There are 2 protein chains.
Amino acid sequence: MNPLNQEELLKRIAAKIVDVPDFPETGILFKDITPLLADHDALHATIQWMADALEDIDYVISPEARGFIFGTAAACMSRKAGFIPLRKPGKLPRNVFSETYGLEYGTDELQMHIDDLPKGAKVAFIDDVLATGGTLKACEKLVASAGATLEKALFLIELDFLQGREGTGCAIQTLIHC
Amino acid sequence: MNPLNQEELLKRIAAKIVDVPDFPETGILFKDITPLLADHDALHATIQWMADALEDIDYVISPEARGFIFGTAAACMSRKAGFIPLRKPGKLPRNVFSETYGLEYGTDELQMHIDDLPKGAKVAFIDDVLATGGTLKACEKLVASAGATLEKALFLIELDFLQGREGTGCAIQTLIHC
């Protein structure tokens with residue numbers, strides 16, 4: 001791929017995110033990222049933007065399922081970060097920390113293996129969309145339970161009107177604001 | 001990372017996969033890959049092995065949730081492949097193809113957006129574990145529904161005793177046999 005400047009990159013990525021009204025519930029405008037994922041160059045540019053922000057980060061942590069799409073790839077293309085999955089209850093086979101949290105629509109619970117994250121590690125949270133920030137705040141508590149530090153959070157999309165940044169304690173970087 | 005030869009690579013990766021007996025059900029020996037994911041060098045080597053097999057592939061297709069961990073990263077590090085997610089019912093917002101299939105324990109259903117995959121595209125399936133092959137066979141049908149070709153399937157782990165290769169029509173490559 002030829003290198004794209006920031007403006008071209010944003011234009012190309014934004015053009016591959018499709019608005020789907022009333023999904024999964026009436027009144028929700030869903031951001032469909034599958035056309036972006038299917039475009040190798042746009043996907044690569046998105047992940048490279050995330051990986052570039054991980055220079056001093058020891059671990060990337062992401063929630064299932066859409067967070068896995070970005071988190072592992074960014075960790076893999078970073079200098080040294082490993083990947084920690086945040087999973088729904090009943091999926092992780094060893095002892096877990098657990099947090100319940102509110103979503104844009106409904107509630108959910110996430111779990112992390114107790115021994116996956118070493119004390120003092122520098123951690124970055126990666127997900128596709130920052131909506132109300134419920135997942136991010138649950139992750140902050142899980143990372144603190146392990147004695148590690150959530151240094152930053154990276155998102156492809158931020159839904160500014162939901163004010164998900166409020167009440168979070170880490171640096172937040174977003175590629176596309178809606 | 002210093003380049004590892006194939007033998008060192010396999011030894012390092014195999015050492016990071018933990019057997020957990022009787023999970024999620026009595027009698028199942030679960031392969032816990034989270035220690036591998038947390039090790040940047042082992043993760044990178046695993047994804048690089050997958051990406052190297054994608055030279056002529058247009059799209060990688062992977063099932064949620066653990067398939068997303070490997071599929072996007074491998075597509076991203078490949079020469080030209082985009083990524084297509086196979087999702088559980090109710091997750092994809094536009095028109096879908098759908099397939100029900102048998103798992104090692106239970107049954108499940110996967111869906112793919114009808115317009116994600118162009119006719120004639122060369123596709124590779126990527127997942128963490130090849131067990132009974134139910135997911136792979138469902139994916140073969142979904143890819144055929146779109147008029148594309150499933151050329152190959154790549155797995156981190158293959159449970160040989162479950163004979164998941166039987167009845168599949170594509171080339172299969174596996175890093176670790178159990």
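FYI, side chains are in, hydrogens and waters are out, and symmetry mates aren't considered; it's all heavy atoms of this structure. Proteins get letters first, then strands, A, B, ... in listed order; numbering begins at 1 in each. Keep in mind that what you see is a predicted model, and the values were worked out from it rather than measured.
Note on A:Val143: it does not cluster hydrophobically with A:Val96, by side-chain heavy-atom contacts below 4.5 Å among ILVMFWY residues. If you chain together hydrophobic residues whose side chains sit under 4.5 Å apart, A:Leu142 and A:Leu130 fall into the same group. A:Val129 and B:Phe83 fall within a single hydrophobic cluster, where Ile, Leu, Val, Met, Phe, Trp and Tyr are joined by side-chain heavy atoms under 4.5 Å apart, directly or via other members. A:Ile33 and B:Leu92 are not part of a single hydrophobic cluster, where members link through side-chain heavy atoms under 4.5 Å apart.
When each of A:Pro35, A:Ala81, A:Ala73, A:Ala75 is checked for heavy-atom pairs under 4.5 Å with chain B, A:Ala81 comes out on top. When B:Arg87, B:Lys80, B:Glu64 are compared by the number of non-hydrogen pairs under 4.5 Å with chain A, B:Lys80 comes out ahead. For the set A:Asp22, A:Val18, A:Ile69, A:Asp58, the count of heavy-atom pairs under 4.5 angstrom toward chain B peaks at A:Ile69. Interface summary for chain A: among B:Pro93, B:Gly90, B:Gly82, the most heavy-atom pairs under 4.5 angstrom belong to B:Pro93.
The shortest heavy-atom contact between B:Ala38 and A:Tyr59 is O-CE2, 3.3 Å.
The shortest distance between side-chain heavy atoms of A:Leu43 and B:Thr72 falls below 4.5 Å.
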Pair up each side-chain donor or acceptor in residues 111-123 of chain A with any protein partner under 3.5 Å, not counting sequence neighbours, and list the distances.
{"unit_1": "A:Gln111", "atom_1": "NE2", "unit_2": "A:Ser98", "atom_2": "OG", "d": "3.4"}
{"unit_1": "A:His113", "atom_1": "ND1", "unit_2": "A:Arg94", "atom_2": "NH2", "d": "3.3"}
{"unit_1": "A:His113", "atom_1": "ND1", "unit_2": "B:Thr34", "atom_2": "OG1", "d": "3.1"}
{"unit_1": "A:His113", "atom_1": "NE2", "unit_2": "A:Arg94", "atom_2": "N", "d": "3.0"}
{"unit_1": "A:Asp115", "atom_1": "OD1", "unit_2": "A:Arg94", "atom_2": "NH1", "d": "2.6"}
{"unit_1": "A:Asp115", "atom_1": "OD2", "unit_2": "A:Arg94", "atom_2": "NH1", "d": "2.9"}

Below 3.5 Å, can you tabulate the donor-acceptor pairs from side chains in residues 166-178 of chain A to any protein atom, sequence neighbours excluded?
{"unit_1": "A:Thr168", "atom_1": "OG1", "unit_2": "A:Arg165", "atom_2": "O", "d": "2.6"}
{"unit_1": "A:Thr174", "atom_1": "OG1", "unit_2": "A:Glu158", "atom_2": "OE1", "d": "2.7"}
{"unit_1": "A:His177", "atom_1": "ND1", "unit_2": "A:Asp160", "atom_2": "OD1", "d": "2.9"}
{"unit_1": "A:His177", "atom_1": "ND1", "unit_2": "A:Asp160", "atom_2": "OD2", "d": "3.3"}

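Contact annotation for A:Arg79: only backbone heavy atoms (N, CA, C, O) come within less than 4.5 Å of a heavy atom of chain B. For A:Thr46, no part sits under 4.5 Å from any heavy atom of chain B, backbone or side chain. In this structure, chain B has a heavy atom under 4.5 Å from the side chain of A:Pro85, while its backbone stays farther away.
Within 6.0 Å of atom NZ in A:Lys91, 12 or fewer heavy atoms from other residues, nucleotides or ligands are found, so the atom counts as exposed in its surroundings.
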